[in-house]
Amino acid sequence: QVQLVESGGGLVQTGGSLRLSCAASINILAINAMDWYRQAPGRQRELVAGITSGGSTTYADSAKGRFTISRDSAKNMVYLQMNSLKPEDTAVYYCHARIEVGDDADSDYWGQGTQVTASS
């Protein structure tokens, strides 16, 4: 099993910044992909940013240019730097890990979530 613990959420003004952190219980280089998802009230959970064990990153269109995903493998940490926050960024943000356990099977792990609120 993999445990993921998020931190760094909070309340900021529009235009402000936050850095979210995700601490994994295993070496993150053993995790095939780590991602940040978010879910706002009344909306489906959506992918915000992801990073593979090889370092490739992906971003939602809404996050490009404002958010940056990064990692510190020595600390088993993944971060999401969020700048220029907008009210529409308000959501619970979840850390997600995917581990390929075979040719066809993946295991998915989720953190508890951290609330981000950007007020106008």
Side-chain angles (χ1 to χ4, degrees):
Q1 295 191 50
V2 178
Q3 284 78 51
L4 305 171
V5 180
E6 304 99 329
S7 62
L11 174 65
V12 298
Q13 296 290 321
T14 297
S17 298
L18 285 172
R19 189 181 76 160
L20 306 183
S21 299
C22 175
S25 63
I26 67 170
N27 188 340
I28 62 171
L29 296 181
I31 301 174
N32 296 99
M34 297 195 71
D35 313 288
W36 288 97
Y37 285 75
R38 68 186 181 191
Q39 188 166 23
R43 299 187 183 274
Q44 292 188 315
R45 189 171 297 185
E46 63 176 344
L47 177 68
V48 179
I51 186 167
T52 69
S53 60
S56 298
T57 59
T58 187
Y59 296 93
D61 287 343
S62 61
K64 290 178 180 177
R66 299 189 299 127
F67 294 3
T68 303
I69 189 169
S70 62
R71 67 186 180 190
D72 185 340
S73 59
K75 297 180 178 179
N76 295 326
M77 299 286 290
V78 175
Y79 307 99
L80 184 67
Q81 178 67 46
M82 304 187 295
N83 298 326
S84 302
L85 283 162
K86 305 174 181 179
E88 50 262 46
D89 295 318
T90 296
V92 177
Y93 284 70
Y94 297 91
C95 185
H96 168 260
R98 175 176 60 82
I99 299 177
E100 297 175 3
V101 297
D103 288 340
D104 300 318
D106 293 343
S107 293
D108 294 285
Y109 302 90
W110 295 90
Q112 297 296 308
T114 186
Q115 176 71 48
V116 171
T117 302
S119 63
S120 59

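Sequence neighbours left out, not one pair with a member in residues 15-35 passes ring pair (Phe, Tyr, Trp, His ring centres under 6.0 Å). A disulfide bond (SG atoms under 2.5 Å apart) check over residues 10-120, counting only residues at least two apart or in different chains, returns the pairs C22-C95. Identified under the disulfide bond (SG atoms under 2.5 Å apart) test for residues 42-74, with sequence neighbours left out: none. Within the structure, ring pair (Phe, Tyr, Trp, His ring centres under 6.0 Å) contacts touching residues 98-120 (residues at least two apart or in different chains) are Y37-W110, H96-W110. Within the structure, the ring pair (Phe, Tyr, Trp, His ring centres under 6.0 Å) test picks out no pair touching residues 5-34 (sequence neighbours left out). The list of disulfide bond (SG atoms under 2.5 Å apart) pairs with a residue in residues 23-88, not counting sequence neighbours, is empty.
Nearest heavy atoms, I69 versus M34: CD1-O, 3.9 Å. Scanning both residues, I99 and V2, for their nearest heavy atoms gives CD1-CG2, 3.6 Å. Looking at every heavy atom in both residues, Q1 comes nearest to I26 through O-CG2, 4.4 Å. The minimum heavy-atom distance between A97 and I31, with the atom names listed, is CB-CG2, 3.7 Å.
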Would you list the atom pairs, donor with acceptor, under 3.5 Å between side chains in residues 8-21 and any protein atom, with sequence neighbours excluded?
residue: T14; atom: OG1; partner: S119; partner atom: O; Å: 2.8
residue: S17; atom: OG; partner: N83; partner atom: OD1; Å: 2.9

Only pairs under 3.5 Å count here: list side-chain donor-acceptor contacts from residues 45-52, not counting sequence neighbours, and write none if there are none.
residue: R45; atom: NE; partner: Q39; partner atom: OE1; Å: 3.4
residue: R45; atom: NH2; partner: Q39; partner atom: OE1; Å: 3.4
residue: E46; atom: OE2; partner: R38; partner atom: NE; Å: 2.8
residue: E46; atom: OE2; partner: R38; partner atom: NH2; Å: 3.3
residue: T52; atom: OG1; partner: G54; partner atom: N; Å: 3.3
residue: T52; atom: OG1; partner: G55; partner atom: N; Å: 3.4
residue: T52; atom: OG1; partner: S56; partner atom: N; Å: 3.2

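Atom OG in S53 sits 5.5 Å away from atom CG in N32 (nearest 0.5 Å).
At distances below 3.5 Å, not a single donor-acceptor pair connects side-chain atoms of S120 with backbone N or O atoms of P87.
Two residues are said to be in side-chain contact when any heavy atoms from C-beta on lie closer than 4.5 Å; V78 and W36 meet this criterion. Annotation: side chain of M82 is not in contact with side chain of T68 (no heavy-atom distance under 4.5 Å).
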Quick one, Y94 with D35, criterion side-chain contact (heavy atoms from CB on, under 4.5 Å). Give me CA distance, side-chain angles, the key distance, then yes/no. CA-CA 8 Å; Y94 297 91; D35 313 288; over 6 Å; no
What's the verdict on side-chain contact (heavy atoms from CB on, under 4.5 Å) for N76 and N27, showing C-alpha distance, side-chain angles and the deciding distance? CA-CA 6 Å; N76 295 326; N27 188 340; 3.8 Å; yes
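Judged as a side-chain contact (heavy atoms from CB on, under 4.5 Å), and not counting sequence neighbours, the contacts of A40 are R43, A91. By the ring-ring contact (aromatic ring centres under 6.0 Å, His included) test, Y59 pairs with no residue at all, sequence neighbours left out. Scanning for side-chain contact (heavy atoms from CB on, under 4.5 Å) contacts around Q112 gives E6, with sequence neighbours left out. Partners of K64 by side-chain hydrogen bond (donor to acceptor under 3.5 Å, both in side chains), not counting sequence neighbours, listed by chain and number: D61.
With hydrophobic clusters built from ILVMFWY side chains whose heavy atoms lie under 4.5 angstrom apart, I28 shares a cluster with Y93.
Side chains of Q115 and T117: a donor-acceptor N/O pair is present below 3.5 angstrom, by distance only.
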